[in-house]
Protein chains: 2
Amino acid sequence: MQIDVPSPAGHLVIGLNAVLAAVEGDHPLVLCARADDGLWGLPYGPFDPESHRTFELGLRAFVTEQTRMRLGYVEQLYTFGDKGREAPSAVLRGGSTADRVVSVGYLALAPGANPIELEATAWRNWYDHFPWEDWRKGEPSILSAQIIPALRDWIESAEDAPLQRQRRDRVRLAFGFETSGWEEERTLDRYELLYEAGIVAEAARDGQIEGTPLQVADAAMSSDHRRILATAIGRLRGKLRYRPIIFEMMPASFTLLDLQRSVEAIIGFPLHKQNFRRGIDNSGLVHKTGNMSAETGGRPAALFTFDRSRTSGKAAQDRTIKGLTLPRLRLSPTEKL
Amino acid sequence: MQIDVPSPAGHLVIGLNAVLAAVEGDHPLVLCARADDGLWGLPYGPFDPESHRTFELGLRAFVTEQTRMRLGYVEQLYTFGDKGREAPSAVLRGGSTADRVVSVGYLALAPGANPIELEATAWRNWYDHFPWEDWRKGEPSILSAQIIPALRDWIESAEDAPLQRQRRDRVRLAFGFETSGWEEERTLDRYELLYEAGIVAEAARDGQIEGTPLQVADAAMSSDHRRILATAIGRLRGKLRYRPIIFEMMPASFTLLDLQRSVEAIIGFPLHKQNFRRGIDNSGLVHKTGNMSAETGGRPAALFTFDRSRTSGKAAQDRTIKGLTLPRLRLSPTEKL
DNA sequence: CTATATATGCTCTAGTTGAGCATTAATAAT
DNA sequence: ATTATTAATGCTCAACTAGAGCATATATAG
């Protein structure tokens, strides 16, 4: 698990980082570990070229070792190699004094949040680190109150007109001004913009401040882990629409409301109930188990299961392989840019 | 450009690989370089932690150096680290005797294929390496004639029933049997299946043969470059549908037929002309330049430009940021599985 | 027996998509 | 000139999809 090689100049270490996501009720969760610097971070470990035939095997090995969880669905996200965006404490556990740490991020999904018995490890609501991404109860107040004004300052502080224009266009796109509105899967775009503008704490930590550093209620994460988490959230949100990936996060059977709450937790905005069921229904992705759930608080709900063998039905003909048909949030921050 | 460090055991080298894509008429092209083993490969170079602040900067630097081209649009694809899938000749130019080469693939787009004056470097039609991916003139004959039968053998040669079932499901999904049909963006899934089944030449080269090795008219590429190219094609195909990325590959002005031919070259199947124009039209992505093209062979066509500042128009209201609305190829290989 | 909280069925309208007919405007071949 | 041939463009039509919301049914908690 450790790279025990003396490190000459220019030595490279590849860090594998896991975003293990789950949903519990209406809480989107991510498995976090307390890092040396006291911040929350993701589980990670060095890739060992000697013993790991592939990244994914290496990842599964160290996650199981560190958290005693076995991973199911796993997907590579992105490889970050930017100098200076890993925190100083990011020197990997092996103790190697690497010149350069490259982070390969992975997304893993769990069908529920098993309790963790480990010290300094916990399932955390990912919106604790991304309060501006949760529109389920309307526009997140932090947006119009703090973020948009700070971005406006950043735009206006650009040296010349072209740069200013470019910044404005990027903000418009990422935050959904004057376009089709907030696109939930642009989580990384938004985070990167906040970083560049010096609004999130990591920017100051890395010494990249150039805009208006802000007193945003802002839960930084260790190293470049919030960047990786942003990537994961965006990927997951986007993928819901074209692969039946949501069922990797559901228990064996569930009600349609369970399913809806899970989807809403991930995408971060509310859905029209009847239309949601209609969509699920003729997606052919699920079928009734025949049992009912009594724990609804109202009329009992039918329980459903993911239909892995859906080759039948008219709907299955077409929609199948795809994911869920979801509408768009048609809102934008109310504060003008 | 070279890692001049003595390599202890376990030393890692990160290779940056560029898929530089362009379209010329109805030919989808990729910039290739002749590798040491005589096969075509992609331009690549080692990532130098000393001088490159980010991967992307490193990539841009060595591509410009090697091919004298300046890259515009660039996007990271995937990081491959599987032991044994780089060819023996994959030891990077620096001459380092690395134990392990990790490949980071990038997709770069060019608005045309400028002629290359370099030795052993050429724009090549990517379907030369993926003949089964081009359905523009109907089902590629290689599919039913060779590939499907070979995959059938591979499925049947599975040791036990569960494995057999799993293989069959994967093939069904990747090649569009009994589902919504051929999904053009699954290029990588299909290539990986052919690799695992021992059907493509790289599998034999890497010593991974386990199925029926085949005499497919099959243009292998150096190292893991065909895998990277498959990733690039799939990503590009998928992205056409949700980002206006096609315009990165078009000249400043073009006719709608030019645009359609370019899209068809990429997605690999023909489109309904009138519907295509209607779609482009109310996407709000382009507008007429006012000039006409005489070189159509028929009635002169209006010339269009990509409208980068589309914040106007009713259609722009919604569709905008998105890409093109494209139909699906509703076909599957005719040979039964 | 009456709120309350969901679950579930259904309808209505506007818009989108897949196909294809018809017409217009160039060039190339009698 | 006339007549193919090749595309560019305009339009229509039916089937389907998506966004909203009304109406009912069936539990549990007073």
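Letters A, B, ... are given to chains in the order of the sequence lines, protein chains preceding strands, and every chain is numbered from 1. Hydrogens, waters and symmetry mates play no part in the numbers below; they use all other heavy atoms, side chains included.
Toward the 5′ end of DNA chain D lies the nearest nucleotide of B:Gly298, the other residue of the pair B:Gly298 and A:Pro327 mapping further downstream. Residues A:Arg278 and B:His272 both approach DNA chain C. Their nearest nucleotides, taken by heavy-atom distance, put A:Arg278 toward the 5′ side.
The minimum heavy-atom distance linking B:Leu337 with B:Arg152 is given by the pair O-CG, 3.0 Å. What you find for B:Leu173 and B:Arg186 is that their closest heavy atoms are O-CD, 3.6 Å.
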Using the 3.5 Å cut-off, write out each protein N or O paired with an N or O of nucleotides 8-10 of chain C and the distance between them.
{"from": "C:dT8", "atom 1": "OP1", "to": "A:Ala302", "atom 2": "N", "distance (Å)": "2.9"}
{"from": "C:dT8", "atom 1": "OP2", "to": "A:Arg277", "atom 2": "NH2", "distance (Å)": "2.4"}
{"from": "C:dG9", "atom 1": "O6", "to": "A:Gln274", "atom 2": "NE2", "distance (Å)": "3.4"}

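With rounding to whole Å, A:Leu329 atom CG is found 12 Å from D:dG19 atom P. Taking atom CG on A:Asp281 and atom P on D:dA18, their separation rounds to 14 Å, with Å as the unit. Per the geometry, CD1 belonging to B:Ile280 stands 14 Å off P belonging to D:dA8, to the nearest Å. Computed from coordinates, the B:Arg241 CZ to C:dT16 P distance equals 18 Å when rounded to whole Å. The separation between B:Leu271 atom CG and C:dT17 atom P is 14 Å, rounded to whole Å. Spacing between atom CG of B:Leu326 and atom C1' of C:dT16 amounts to 14 Å, rounded to whole angstrom units. Remark: P of D:dA7 and CZ of B:Phe276 are 16 Å apart, rounded to the nearest angstrom. Rounded to a whole Å, the CG atom of A:Leu303 is 14 Å from the C1' atom of C:dT6.
Looking at heavy atoms from C-beta onward, B:Arg190 lies out of side-chain contact with B:Ile147 at the 4.5 angstrom threshold.
Judged by distance alone with a 3.5 Å cut-off, no donor-acceptor contact links the side chain of A:Arg328 to the base of D:dG19.
Under the 30°/60° scheme for interplanar angles, the aromatic rings of B:Trp135 and B:Trp182 are found to be tilted.
Judged as a salt bridge (Lys or Arg N to Asp or Glu O under 4.0 Å), and not counting sequence neighbours, the contacts of A:Asp169 are A:Arg172.
Other residues, nucleotides and ligands contribute at most 12 non-hydrogen atoms within 6.0 Å of the CZ atom of A:Arg165.
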**Message:** Is there a side chain to side chain donor-acceptor pair (under 3.5 Å) between B:Thr289 and B:Thr305? Walk through the geometry before answering.
**Reply:** CA-CA 6 Å; B:Thr289 62; B:Thr305 329; 5.3 Å; no
